[in-house]
Structure formats: C-alpha cells, structure tokens
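Have a look at the structure below, then the notes.
In what follows, chains are A, B, ... by sequence order, proteins preceding strands, each numbered from 1.
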Amino acid sequence: MLDVLTARFRQGHRTSKYPGEPPSLPERYAGLPRVDGSRCAEGCLTCAEVCPTGAIDLGGGKPGLDLGKCLFCRECEEACPEGAIRFTRDYRLAARERQDLLLREEGLKLARALDGKARRLFGRSLKLRQVSAGGCNACEADINVLTTVVFDLARFGIQIVASPRHADGLIVTGPVTENMRLALQKTYDATPAPKIVIAVGACAISGGLYAGHPEVHGGAGNLLPVDLYVPGCPPHPYTILDGLLRMLDRLGTGA
Amino acid sequence: MSRAGFLQLKSGEAAPRAQIPEWPAEDFHRRASAALQDGLRIAAYFTDSGPENAFPALLLVLADDAEGKLYAAGSRVGGDSFPSLTPLCPQAHLFEREIFEQTGLRPAGHPWLKPVRFPSLGAPRPETAQAAYYRVEGEEVHEVAVGPVHAGVIEPGHFRFQCHGEAVFHLEIGLGYQHRGVERALAGGEAKKRIHYIETLAGDTSVGHATAHCQAVEALAGCAVPPRAETVRGIALELERLANHAGDLGALAGDVGFLPTASYCGRLRGDFLNMTAFLCGNRFGRGLVCPGGVKLDLTEAMIPELAARLDGAMRDLAGAVELMWASSSAMGRLEETGRISREVCGELGMVGPAARASGVPLDVRRDHPTGVFRRVKVPVSLGQAGDVHARAWVRWLECQRSSDLIRNLLRELPAGPVRSPLGDLAPGAFAVSLVEGWRGEICHCVSADGEGRLSRYKVVDPSFHNWVGLAMALRGQQISDFPLCNKSFNLSYCGHDL
C-alpha cells in the first residue's frame, strides 16, 4: 500500500490546465493551414497536383483547401514556391457544417454551439458511443486518449459509453466500409433520439484517402446526419476536445 | 536440401521477378511442404500474375530465421484449384483462404475454406453456408456472439464463442469489417497516395509499415539510404514500440482492475507519442519516413531534449509497471491465463511479442536485419510460459531495451544527409522487406511491371499471423478472460482487413 502511495506521489498531477490555458503542442505540429491566394502565380497548379486527396481546388485561380479532405501531410506547403499555403500551429479546426471546412482566405468558421434545447440536453452530460467504421486505429487511439488523466474528458461531463442505448450520440471514425455500413446504421438506430453524430478524421468526414474506393462509402455524412466535423489525420486530441467543448458551449466566450 | 531451387533473397533486397522459379502444382506442393517441414516459416503466400499479367500464379515467400534468408517460389495454377498446404502446415490456412477469396482458386483439401474479408467486388459474395461459423451442438452448450461493435473504443470484429458454462470450447474470430481495398489500390494506384495508404495500413504502426514500404521500393530502385536517415527511422520505430507497449501494459492493468498502473501507463503512452510528435509533428510518426530516407532531420538541439524526455518517461514507466508486478492479486489474474505453447506458436507461424512470450526466439531486428539494425544489435526479449503474464513481461523487457537502444542511437547519430533521391523502379523486379513492428513481423512484397510501376503489392501485417493464436489461447479458458487475452495480443483489425 505504501508503494502505491509513493508511486502516486511520484507520478504527480498530470491533468492539463486546458481550457484555462492553451495546450502546449510540438514545434513541428501541423495545424490550421492558412491560404494566401495573392501569392499565387498565374496558372500554377503545383499545390493541387501534389495533394494526395484532392483537397485543394483552384476555383477562380485561387487555392481553396477542403479541411475535411486534408491529411495535414504538408505536401502542398513544401511544393508551393510562393508560400501561398502555410500550416500554422492552431489546433482549433472543428466545424458544424460540412461547407464550413472549405477554407479560403477569410479563414475557418469554427463550430458554433448547439442551439438552446440541445445544449440543455447535452451540455452538462454527454454520453457518446464510438463506432470505428474502417478507421486505421489512429483516430480511435486519440479518442481513447481523451479519457486518460491528461485530458480527463469526464471533468467536462463527457463520457464514452459501451452501449448505444446509453448514449446521446455517436463518434464515427473511418470512411464507413461497406462491411461496416449495416453495423453503423444499427448502432445509430439503437441510440435514442434526440442524438448527435460526430465525424472524427478525414476518413469519417469525406472518405479521406479512401474516397472513391468501391469498398467504402465516403464518410459518415453520406449515411447519417453529422452535427460536428473534426478534421485531421488523425486529429490531435486537443482538436477533438476543442470541437466537443465548442459544440457544448463550454469554452466561454471568445475562446 | 529442402531449399534447393527456390530463389534466395534477403530482406530489403530485389531480384528480377523472372528469376522466381515456377513449378507445376504438384511439384510446388511437394517442395514447399518439404521446406516447411524443415522448419521454414511462411512470410507471405499470395497470388501474383507476374509482369505479363497473363495467368494466376501462386507466390510463396518462406523465411529461414536462423540463416536470415528468404526463399521465394511460384506455381502457375492450371485449372481452378491447387493442392492445399494447410493439412500439413496450419500456418498456411489463412493465406489460402485469402487466395480463394481474391481469385476464386480453390485450395483442394483445405479443411475450413471460408472467405476472410467479404470483399465487395471481384469475387462474388459467398453463400451463407460458406460463411457459417463453426458450431458445437449439445444441450448444455451455448453460443456467445460479440461484435462487430464492441464495448470499448476499438476496431470492429466478430467473435463467436462455443461455451459450456463459463468454459470456452472454441472461439472463432470473424474479421473483414475494416476492409478498405488498400492492397488493390496500392498496385497501379496514384503514386502520390502511396505513402499515405501505407501509413494508414494500421495507423498505430505507421512508422513500421512506412519503413517496410520504403525499404521495398528502395530495393526496387537501387537507392542507398543515408546512415543518418536509417538511424532516425530506427529511433522512430522504437518510439512506436514504446508507446504501444506502454499503452498495452496499462490496458492489461485496467482489464484486471489494477487502476494505478492503468492510469499512469495511459498517460505515459501519450508521452511517448508526444516524443514522436516532437520528431515530426505527428503523434503517429506520419510524414517522417519517406522513400530514400526521412523527411525531417533531428537538430542538435533536439537530441538532449529527446533523451531527457525519454529518461523521464522511462522512470515513470518503471514505477508504474513495477507496482503491477508487485501486486499478487494482479499477477494472479495474469499468470496461467490464455496460455499458448511454443509448439502451437510454431505451427501457426506466430510472430512478435506473442510468439516470444512462448519462447519462440524470433525477432526480425536480429534475424533479418535491415537499416540501422545491421549496425546495432538488440537482445531478443523472451518469455517462457506463453500466458498473459509472459506477453506483458516481454513487452516490459522490450520497453527497456528499446529505450536503451534509442539512447545509443541518439549518442551515435551519424552525420550527413537524411534523404537520397529514389530514382526509377527497375522494370520487372521483385522485392521483399521485413521489419519488426511493435506487433511483430511486417512483410511487404512488391512487384514492378515492365514499365517500373507497382503491379502487385502484398502486405502481411503481424496480426495476420497471430489472430488464430488468440483463438487458441482462449481454449479451455473462462469466457470472462477474453478481454484480458485479447488485450495481451492487441492485434490489428484494419491491418488484417487490407
């Protein structure tokens, strides 16, 4: 028993101060990209050509970047001779609407809070069931991490539960494989209404790298109504946490 | 000699595809059986129609771990069936089921031929009878079905238990839910997607798979990787092992309700992931390993910082894990649970920590060294009992050895560039690349066509070898021990379902 107490003392207190203080992220972390079309050379397609998922379109000659497809691989940043696309270290990426993830020069429209009734229902106690539908286990792992002492999801009243019947909604990862389609639908149907759906990672938002494969369905949105999109491949745990808290209006004003 | 006639290769070496011998079916069966009975192990067994894409051909890659060599041979399949190796050699059973599913070729004499992944294209979906689960009949026998959606945050799979009371007679594991068509897309698909497919084959093994892939294409292109890049790859690979092993030790503690270790290790896993993110910005090591070397270098200032972080995390990990070893109630749950003998491991061709926990001295880093492992030696971490405790113990030994290795590599980081140009792939060449990922042996077999494009890409994730091991470990156990046994293997679903 004494050893357990000594270990407890040595391991210390590890819960992060977030959201009171901003999280510390690695120097090389690729967060929100910034797009500056004024730097683009006439007729240059380099960024769109190197993008593995077709996240970049050059409508009107200016680059637009779909965060829902972006793998944050930085290929475009490396390829662009003019520095028109640069990745910042901003981890805040989640949006409520699919089209809000289409990033142009004006920047990102971050997720707004749920409306009054939904916030009253879910704001203080939100139970979620996770469904991996073709995820590679990176999104799943970084969702799991939210329940560790560092992020301590439970202190916000959010919990990941075992059964959809205990849940207020689903967190979906993966592009939704044909072989998981029915299981995902059944899990959704078993969740009592009103319910929310959160798509985590490029695969779950758009199919990501797997979009267009006949074995997958191109993300959760093609089958279920999605309430929150969390971009990334995989998203940093703070990106997921920020999205959840933003949706529940738990970050305070101006965060 | 049983190896006569096979094409001899080493991991990370290429040869002209045409040099792989092609034997008539009977001949192939006889020679392959002899080599397997002589102690060789199946690293990969698949179909590759060859550069001309003309006919279905079986391709078998055997590993001789004592010699550090690989042996490849093929067989043209004349009709719609070929003699099965499975009755003689159980480790062939899943490979042959996969061949059947992907091509319709029937391994004649296979005892349990059913599809593996239920692909939605190509081969027609199997009739229900073919996909039926094994069933034990009897008044006091009952069946428990779990999944594909499980209670935890975990990938999908379906588990069928045939039980008598609490005791499990048989567990059948049904996978395929994560099938995304990756292997198909890797051959002939867009080159710019390739490394990203590879990094998501099994997302928790991004560095392991990326290293295996890069070694294979570098062999095909004849590209020499700078020593500094090999060292950075080695550091990233060992950090990946540390993160996953630390996480698994915590998860095992959690499954027996020993919460101090569970919560400390949960946090420590994150610390190791953050060290990888310190290297490359991504917690899973994405965007670090690339064909020709690595994309990012370690700066001089980063080396002491990484070493200090590693020391701190290892000190905490030792404290957390030793608590569990000292708890007799936790040990009581781990010991003698989910035992699997060395013989069964050998018959099933198991790899990685699960095999080493049963006393199988196989570690690709020692037996088939590539990259930095040709210069540094890692002791093989062995257990004996083959139970959950041994699988946990081997992970702890490996954590200590990985951290020692990283410290040495940081001290002796070679100077120079970290990337060489890849160049074109040799037309009609074939390469095999093995890497000891944290789950065990990762095998990538790659063929290039006449124009130097990838024509066949075969990935064998360590999980593919080990899933049946989990089923065997459950025999005679209490069904309530399943989560613990499952966690002690911690196999990949998507890595299997490619």
Against chain B, work out which of [options] has the most heavy-atom pairs shorter than 4.5 Å and name it.
options: A:L71, A:D142, A:V131; answer: A:D142
options: A:G208, A:G174, A:C51; answer: A:C51
options: A:V176, A:T148, A:L209; answer: A:L209
options: A:A141, A:S163, A:G134, A:A7; answer: A:G134
options: A:L184, A:V161, A:V50; answer: A:V50
options: A:T6, A:N144, A:T53, A:T147; answer: A:N144

Ring-ring centroid check [X] [Y], cutoff 6.0 Å:
X: B:Y177; Y: B:Y493; answer: no
X: B:H150; Y: B:F159; answer: yes
X: A:Y91; Y: A:Y29; answer: no
X: B:Y457; Y: B:H213; answer: yes
X: A:H213; Y: B:Y197; answer: yes

Let's test your reading of the structure: which of [options] forms the most heavy-atom pairs below 4.5 Å with chain A?
options: B:C494, B:A151, B:G203; result: B:A151
options: B:E322, B:K193, B:E190; result: B:K193
options: B:C280, B:G247, B:S206; result: B:C280
options: B:R269, B:Q178, B:K295, B:R286; result: B:Q178
options: B:S263, B:G152, B:P260; result: B:G152

Segment of [X] engaging chain B (4.5 angstrom heavy-atom cut-off):
X: A:V145; value: side chain
X: A:R129; value: side chain
X: A:E140; value: both
X: A:P164; value: neither
X: A:T187; value: side chain
X: A:E49; value: backbone

Pick one of side chain, backbone, both or neither for [X], based on which atoms fall under 4.5 Å of a heavy atom in chain A.
X: B:R194; value: neither
X: B:D316; value: both
X: B:M302; value: side chain
X: B:F278; value: backbone
X: B:A262; value: neither

Less than 3.5 Å apart, any donor N or O on the side chain of B:S463 or B:D461 sitting next to an acceptor on the other? yes

Regarding A:T177 and A:Y210, do their side chains bring together a donor and an acceptor under 3.5 Å, going by distance alone?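 The criterion, which ignores hydrogens and geometry beyond distance, is not satisfied for A:Y210 and A:T177.
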
Does [atom1] belonging to [X] count more than 12 external heavy atoms closer than 6.0 Å?
X: B:R309; atom1: CZ; answer: yes
X: A:K186; atom1: NZ; answer: no
X: A:R89; atom1: CZ; answer: yes

Which of these, B:R117, B:R184, B:R180, sits in a salt bridge (charged side-chain N to carboxylate O under 4.0 Å, His left out) with A:E215? B:R184

Donor-acceptor under 3.5 Å (B:W438 side chain, B:D204 main chain):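 Answer holds: yes.
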
Checking B:E199 side chain against B:G287 main chain: does a donor-acceptor pair fall under 3.5 Å? yes

